[in-house]
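Working notes, structure below.
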Amino acid sequence: SHFLFWRLAQVLGQFRDSEALEKARREREMLEARDTLQRTLLASLAHDFRTPLTVISGQLEGLAKASPEACEALAAAKRLDRIMSDLLGAARLEQGTLSPKMESIDLVDAVSTVCDDRSNHPDIAVKRNIPADLPFVSADPVLLHHVLVNLFDNAMRYANREVAWAAALDGERVCLSISDDGPGIPVNEQAEIFDRFRRMKGSDRSGGSGLGLAIVKGFADAMGMTVTVETAPSGGACFTLAMPLAPGTIL
């Protein structure tokens, strides 16, 4: 009788364990399905917002030349457009749908385009030290532009007076860095700065999605690049993007 009782208890215990495992599996599947649905909805909304935002920004461009209010509205529209771009970028990373189309890129032109498009902080000086004879790099032009825009926006958001670009050849790579003179990133937080929804503290400038640096890391990885962060000589943050040389480059 003792053996039967023990055996019955064992079977009941196994049943409870099996039931608990099945319940955990169902809950996990529900969470995964909910997350997938949320990502799909966000990506869809972000995509649908892009066209009207483009129209609004285009109209405001003309009005902003004569109206401070329109200029402020244009800056807000551009900020919203960047957030939409970040949401779409995050969705592509989550879904694994990135397929970079690598081309030979001139960094002088790539950085100039980013700087010319971004003038939300006229009080911040932007310096560029990118040699004209620098070798071309191998990158997807669309993904690289998004990476540089996010790095530039981040630097402008935290800078006090100055943001500086610099580039140099390092062996068979080109290292492009952007630094600011803002509050910087504590060393113990630098490893986590590329996590999603992570924001640096100590700045009164907001407007980021919290996804920008995570997208920088994801897009860089997809293009075979590395991105790192350290403390700049000014005490601010310095992000460095190491890029492969374009095929056929002769050093």
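What you see is a predicted model, and the numbers here were worked out from it, not measured in a lab.
Between the side chain of Gln190 and the backbone N or O of Ile185, at least one donor-acceptor pair lies under 3.5 Å. At least one donor-acceptor pair closer than 3.5 Å links the side chain of Asp181 to the backbone N or O of Glu162. Formation of a donor-acceptor pair under 3.5 Å by the Ser234 side chain with backbone atoms of Asp180 is found in this model.
Between the CE atom of Met225 and the OG1 atom of Thr240 there is a distance of 13.5 Å, given to the nearest 0.5 Å. A distance of 3.5 Å separates OG in Ser138 from CE in Met102, rounded to the nearest 0.5 Å. Put simply, SG on Cys115 and CZ on Arg128 are 4.5 Å apart, with the number rounded to the nearest 0.5 Å. Of the inter-residue distances, the one linking Ile130 atom CD1 with Leu176 atom CG reads 5.5 Å to the nearest 0.5 angstrom. Note: Ile124 CD1 to Tyr158 OH = 13.5 Å, rounded to the nearest 0.5 Å. Atom CG of Leu213 sits about 13.0 Å away from atom CD of Glu192, to the nearest 0.5 Å.
Heavy-atom contacts from other residues, nucleotides or ligands closer than 6.0 Å to CZ of Arg161 number 12 or fewer.
Side-chain atoms of Val142 and Lys101, non-hydrogen and from C-beta on, never get closer than 4.5 Å to each other. For the pair Val216 and His146, the minimum side-chain heavy-atom distance is 4.5 Å or more. Between Thr231 and Cys238 the shortest side-chain heavy-atom distance does not fall below 4.5 Å. With contacts defined as side-chain heavy-atom distances shorter than 4.5 Å, the pair Met223/Val147 qualifies. Between His145 and Val114, some side-chain heavy-atom pair lies under the 4.5 Å cut-off. Side-chain contact between Asn129 and Trp165: absent, with no pair of heavy atoms (C-beta onward) separated by less than 4.5 Å.
Across every non-hydrogen atom of Asn150 and Gly212, the tightest pair is OD1-CA, 3.7 Å. Residues Ala155 and Ile178 approach most closely at CB-CD1, 3.8 Å, considering heavy atoms. For the residue pair Ser179 and Ala232, the shortest heavy atom distance occurs at CB-CB, 3.9 Å. In this structure, Ala132 and Val108 approach most closely via the heavy-atom pair CA-CG2, 4.2 Å. In terms of heavy atoms, Asn160 sits closest to Gly182 at ND2-CA, 3.9 Å.
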Practice item. Show your working on side chain to side chain contact (heavy atoms under 4.5 Å, CB included) between Thr228 and Phe239 and close with a plain yes or no. Key: CA-CA 6 Å; Thr228 54; Phe239 289 86; over 6 Å; no

Practice item. Begin with the C-alpha distance, continue with both residues' side-chain angles, and end with the deciding distance and a verdict on side chain to side chain contact (heavy atoms under 4.5 Å, CB included) for Met243 and Leu107. Key: CA-CA 10 Å; Met243 296 166 280; Leu107 279 182; 3.5 Å; yes

Practice item. Let me see the working for Arg157 and Asp153 under salt bridge (Lys or Arg N to Asp or Glu O under 4.0 Å), right down to the final yes or no. Key: CA-CA 6 Å; Arg157 190 177 304 122; Asp153 284 344; 5.3 Å; no

Practice item. Please report the C-alpha distance between Arg173 and Leu245 in whole Å, then the side-chain angles of each, then the deciding distance to 0.1 Å, and finally whether the side chain to side chain contact (heavy atoms under 4.5 Å, CB included) criterion is met. Key: CA-CA 6 Å; Arg173 303 180 306 170; Leu245 299 179; 5.9 Å; no

Review point. Can you check side chain to side chain contact (heavy atoms under 4.5 Å, CB included) on Val174 and Leu134, steps first, answer last?
Key: CA-CA 8 Å; Val174 170; Leu134 202 65; 3.7 Å; yes

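Linking Ile, Leu, Val, Met, Phe, Trp and Tyr residues whenever their side-chain heavy atoms come within less than 4.5 Å leaves Leu241 and Phe136 in two separate clusters.
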